[in-house]
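Scroll down for the structure; my scribbles are underneath it.
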Amino acid sequence: MASPTSQVSDDDFREILAQTRHFVRTAVVPREPEILAEDKVPDDLRDQAKKMGLFGYAIPQEWGGLGLNIAQDVELAMELGYTCLALRSMFGTNNGIAGQVLVGFGTDEQKARWLEPIASGEVVASFALTEPGAGSNPSGLRTKAVRDGQSWVINGRKQYITNAPVANLFIVFARTRPADENGPGIAVFLVPADTPGVEVGVKDAKMGQEGAWTSDVNFTDVRVGDDTLIGGSEDIGYRAAMTSLARGRIHIAALAVGSAQRALDESVAYAATATQGGTPIGNFQLVQAMLADQQTGVMAGRALVRDAAHKWVNSEDRRIAPSVAKLFCTEMAGNVADLAVQVHGGAGYMRGVPVERIYREVRLLRLYEGTSEIQRLIVGGGLVKEAQRKA
């Protein structure tokens, strides 16, 4: 894997963080109703994000990115989570689960070919792992890649693929053989979206996260060269998926904290001004108790995310801590959003009120990049295995 050491000084990062916070709160937040109504992030906001380097903030500087490590990534993610999650989704796969596969496992030639256009936003990379029968656990993959001379032929169907409708490049996981003593038999390929046989389905209609597009992707006799096999090995795919997902879980946890902070801020502002019988509802102790529970969750989540990111950077824990952070923070965000609706009363159930959007948006965070149930299995199983190893 690439070195976790940051390429950005603390002073430079503070400036990046301040610019991102300003962009989110002054340019994006006022246009949230437009994003929801149009189911699209406006082109001018996309262009501004490109100019700020957000499409490649986690890509190393030698390939045109900003070079933030995961400890800095989570600080940025907490700011990005403060508004519609569609904003982050535009460039999330470039920096995260798709881009990190290339950064960590690609050959020098593959990195040279793809990482600069990914970092600039010229190319949108999409992570094609999930299938109808294989979601949080990729060992159930059915998509197949068969060697044919100097080529590979890929057949299969992927589901719920983020950014698929606008992707230029798919990072495709496929089984090359049944799992055996030599490895899991899962490879990962670079498949340009315009390759013959690649068919992107209609945009999914989801509960929330308007503007963040997903769809099915079908691969029918898709032929790609040997040079598209990431890392040049048939058995890199499973490890690449697990490593990329684990890192991504810390990022998702940070996003959840950002969304929860927004829900808390909206709740406090409403409680301070909305009245019941002429008295601000924030003066009522039961409302104060809900605000206290929200604040406690947000602060605990923020501390946990920072700790998990620190452990990743120091190579201290890259398995259990990411799952702990994602499990706690995404569940916490759901609870905080639910309380936010409760604080708002009937107003919280109305479209156009921020907490109604947040309530729907954060529900997905407990599902993708590994469900809460999968995180519990990783954490519990990991603890038992560690104890057995020491025994």
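Below, each value reflects all heavy atoms present in this structure, side chains not excepted, and no hydrogens, waters or symmetry copies. Sequence positions, counted from 1, serve as the residue numbers for this chain. Predicted model only: the values in this text are computed from it and were never measured.
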Given Glu386 and Lys390, is the side-chain contact (heavy atoms from CB on, under 4.5 Å) satisfied, shown in steps?
CA-CA 6 Å; Glu386 181 66 17; Lys390 291 178 178 177; 3.1 Å; yes
Transitively linked via ILVMFWY side-chain contacts under 4.5 Å: Phe170 with Phe91?
no
Using a strict cut-off of less than 4.0 Å between a Lys/Arg side-chain nitrogen and an Asp/Glu carboxylate oxygen, indicate whether Asp39 and Lys203 qualify as a salt bridge.
yes
Tell me whether the count of non-hydrogen atoms from other residues, nucleotides or ligands lying under 6.0 Å of CE in Met350 goes above 12.
yes
In the single-linkage hydrophobic clustering (I, L, V, M, F, W, Y; side-chain heavy atoms under 4.5 Å), do Val198 and Trp213 co-cluster?
no
Backbone N/O of Ala125 and side chain of Thr93: donor-acceptor pair under 3.5 Å:
yes
Is Val257 close to Met332 at the side-chain level, that is, under 4.5 Å between some pair of heavy atoms?
yes
Between Asn94 (side chain only) and Val124 (backbone N and O only), is there a donor and an acceptor less than 3.5 Å apart?
no
Under a plain distance cut-off of 3.5 Å, with no hydrogens placed, do Asp44 and Gln48 share a side-chain donor-acceptor pair?
no
Please tell me whether Phe189 and Leu129 are part of a single hydrophobic cluster in this structure, the criterion being side-chain heavy atoms less than 4.5 Å apart.
no
Are Leu102 and Leu229 connected, step by step, through hydrophobic side chains (Ile, Leu, Val, Met, Phe, Trp, Tyr) whose heavy atoms are closer than 4.5 Å?
no
What distance do Ile374 atom CD1 and Leu327 atom CG have between them, rounded to the nearest 0.5 Å?
12.0 Å
Can Glu356 and Arg360 be counted as an ion pair, charged N to O under 4.0 angstrom?
yes
Less than 4.0 angstrom from a charged side-chain N to a carboxylate O is my criterion; do Lys111 and Glu62 meet it?
no
Ion pair check, Arg262 and Glu32, cut-off under 4.0 Å:
yes
Take atom CD in Gln342; do more than 12 heavy atoms of anything else shown fall under 6.0 Å from it?
no
Glu109/Arg113 under salt bridge (charged side-chain N to carboxylate O under 4.0 Å, His left out): CA gap, chis, key distance, verdict:
CA-CA 6 Å; Glu109 293 77 12; Arg113 165 67 182 87; over 6 Å; no
Atom of Ser120, atom of Phe55 and distance for their closest heavy-atom approach:
C-CB, 4.2 Å
Give a yes or no on whether Arg177 atom CZ has more than 12 heavy-atom contacts from other residues, nucleotides or ligands under 6.0 Å away.
yes
Do the ring planes of Tyr57 and His251 sit parallel (below 30°), tilted (30 to 60°) or perpendicular (above 60°)?
parallel
Taking Lys311 first and then Asp307, would you say they form a salt bridge - that is, a charged N and a carboxylate O separated by under 4.0 Å?
yes
More than 12 foreign heavy atoms under 6.0 Å from CD of Gln61: is that the case here?
yes
Is it the case that atom CZ in Arg142 sees more than 12 heavy atoms from other parts of the structure closer than 6.0 Å?
no
CG (Asp216) and CG (Asp204) are apart, to the nearest 0.5 Å, by 6.0 Å
Would a line drawn from the ring center of Tyr359 to the ring center of Tyr349 be shorter than 6.0 Å?
no
Polar side chain donor-acceptor pair, Glu79 to Thr20, under 3.5 angstrom
no
N-O pairing of Lys50 and Glu122 below 4.0 Å
no
Looking at every non-hydrogen atom in both residues, tell me the closest pair between Trp63 and Ile59 and how far apart they are.
CB-CG2, 4.1 Å
Tell me if the OH atom of Tyr160 is crowded by more than 12 foreign heavy atoms within 6.0 Å.
no
Does a sphere of radius 6.0 Å around CD in Gln276 hold more than 12 heavy atoms from other residues, nucleotides or ligands, not counting ones at 6.0 Å or beyond?
no
Please tell me if the side chains of Leu141 and Lys158 come closer than 4.5 Å, counting only heavy atoms from C-beta onward.
yes
Any side-chain donor paired with an acceptor under 3.5 Å for Ser89 and Gln209?
no
For residues Leu364 and Met207, determine if any side-chain heavy atom of one lies less than 4.5 Å from a side-chain heavy atom of the other.
no
Should Val172 and Val224 count as side-chain neighbours, where that means a heavy-atom distance under 4.5 Å?
no
Residues Glu331 and Ser372: side-chain donor-acceptor under 3.5 angstrom
yes
Does Phe105 have Arg239 sitting over its ring (NZ/CZ under 6.0 Å from centre, angle to axis within 45°)?
no
